[in-house]
Amino acid sequence: MSYQNGVQLGKQRIPIKINSRRKRLALRISPTGEVAILSPPNVPFKYIESFASANQAWLEEQLSKLALKPQPVVYTGSVGERWPFLGEGLVLVQGEGCVVQPRDGHLLIPSETDPKQALFYWYLERVNEWLPSRFNYWVAQTGFQPTRLQIKTYKARWGSCDRHGRIQLNWMLIGLPQWVVDYVIVHELCHLTHMNHSPAFWQLSRHHYPDTDQARAWLKQNGHPIISQLYGL
Ligand SMILES: [Zn+2]
């Protein structure tokens, strides 16, 4: 064994990653269970080996704990994956010389390009042609007067409203069913009157969007996986 080959520990071969800013040896376990030894430069190989075997029991314990946890799905844009679009899950299929397009429950992606990038651009195009019109519909319905709509990338929220009357919406709304998106839009519009989540705010939201509570419950249950899948693009 050597630096390049890593350290053999039981049945596992653990790669060594040298980092010049490191001061001490460490074992790192990624959320998906990949193990690496992090080392400062110039540590004798024998020393790294004995560090690894001294920590073998601990490592095995951590890995078995990790195996019991439900693993978050890692999406790579490969064939057979399900991608959310307006409340549907489109199954990815590949085609040659095509453009990204939905086709009866499937989403066709070109085989020649990076699938995640192709998906990202496809989503953004759909968002830009669909979300502003949905927004304008609700502005007309409710009579609120926002100053501007901005489409943004957020990791942990669907929208926001600032004190200049601008409304920001997360482009990942494209993954949700339209009736839930409608609620999010109305929610942010209602913040133009109440910059808080007071009972008066919720009353106003229910007035303009009677399914407010159902939509909130839907988001609580289903929102997070959709946001984390799309955020990975
Ligand atoms: Zn709010």
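Counting convention: from 1, in listed order, for ligands and their atoms alike.
For the atom pair CD1 of Ile185 and CD of Gln141, the computed distance is 11.5 Å after rounding to the nearest 0.5 Å.
Using a 4.5 Å heavy-atom cutoff, the side chains of Pro40 and Ile18 are not in contact. Side-chain atoms of Thr153 and Tyr231, non-hydrogen and from C-beta on, do get closer than 4.5 Å to each other.
Donor-acceptor pairing under 3.5 Å is recorded for the side chains of Gln168 and Ser160.
Excluding waters, the set of protein N/O/S atoms under 2.8 Å from the Zn ion (ligand 1) reads His187 NE2, His191 NE2, His197 NE2.
By the 6.0 Å and 45° rule, Arg126 does not stack over the aromatic ring of Tyr123.
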Review item, side-chain donor-acceptor pairs of residues 205-212, under 3.5 Å, at least two apart:
from	atom 1	to	atom 2	distance (Å)
Ser205	OG	Thr212	OG1	2.8
Arg206	NE	Asp213	OD1	3.4
Arg206	NE	Asp213	OD2	2.9
Arg206	NH2	Asp213	OD1	3.3
Tyr209	OH	Trp179	O	2.5
Asp211	OD1	Gln214	NE2	3.4
Thr212	OG1	Ser205	O	3.3
Thr212	OG1	Tyr209	O	2.7

